[in-house]
Amino acid sequence: MDLKLPIVIVDELADTLVKSTGVLDFASGEITEVRYQGYDLEKNGFPARDADYDFTCGTLSNGKKEVEFGIRADAMAARYSVTPDELLELKGRAAKLFSAAPVAAEPAPAAKKAPRKPRA
């Protein structure tokens with residue numbers, strides 16, 4: 001089974017959050033198609049190579065519900081992945097997340113009933 005899901009990635013540095021999106025391969029734990037938001041990778045380099053780098057986490061979402069998980073940032077190879085243990089835990093949490101109906105961002109407005117006419 002080839003299941004790949006879009007995720008949000010956050011690299012936390014001492015004073016900065018570097019946000020990006022990517023695709024998590026649930027079979028291997030590899031994260032591909034990483035696209036940084038407002039961060040110049042060529043100028044600043046891979047975030048995990050920064051002296052102020054702390055950690056990386058990811059978010060998988062379904063509507064307003066989210067599951068957060070740890071991501072391994074390989075500074076030498078400049079790539080992200082999820083460890084086998086974290087991936088196993090994430091699969092269980094994701095199954096619960098996606099088996100529930102998504103919660104809409106805004107609840108649908110209630111239909112207004114027409115006022116009743118008095119009976120004569």
Straight-line distance of R79 CZ to T32 OG1, nearest 0.5 Å: 11.5 Å

For the residue pair V34 and I9, establish whether any side-chain heavy-atom pair is separated by less than 4.5 Å. yes

Membership question, hydrophobic clusters at under 4.5 Å side-chain separation (ILVMFWY): are L3 and V67 in the same one? yes

Determine the minimum heavy-atom distance between L60 and P6, stating which atoms define it. CD1-O, 3.6 Å

How about L90 and L24: do any of their side-chain heavy atoms sit closer than 4.5 Å? yes

Heavy-atom closest pair (R49 atom, M76 atom, distance to 0.1 Å) is NH2-O, 3.2 Å

Just to verify, what does R93 make a salt bridge (Lys or Arg N to Asp or Glu O under 4.0 Å) with, not counting sequence neighbours? E89

As an exercise, state the distance from CG of L17 to CD of Q37, rounded to the nearest 0.5 Å. 11.5 Å

Check the pair I31, I7 against side chain to side chain contact (heavy atoms under 4.5 Å, CB included), reporting the backbone distance first and the verdict last. CA-CA 9 Å; I31 298 171; I7 61 170; 3.8 Å; yes

Return the minimal non-hydrogen interatomic distance between F46 and D74, and the atom names on each side. CE2-O, 3.6 Å

Rounding to 0.5 Å, atoms OG1 (T16) and OH (Y53) come to a distance of 13.5 Å

side-chain hydrogen bond (donor to acceptor under 3.5 Å, both in side chains) pairs touching residues 5-15, sequence neighbours excluded, are D11-T56, D11-Y80

Pairwise distance OG(S20) to CZ(R35) - rounded to 0.5 angstrom: 11.0 Å

Closest heavy-atom pair, S61 versus E66, reported as atoms and distance to 0.1 Å, is CB-CG, 3.8 Å

For residues P47 and Y36, report the shortest heavy-atom separation together with the two atoms involved. CD-OH, 3.7 Å

So do V10 and T59 actually touch side chain to side chain, heavy atoms under 4.5 Å? no

Here the pair of heavy atoms bringing L5 nearest to F26 is CD1-CE1, 3.6 Å

Counting only heavy atoms not in K91, do more than 12 fall under 6.0 Å of its NZ? yes

Between S81 and R72, is there a side-chain heavy-atom distance shorter than 4.5 Å? yes

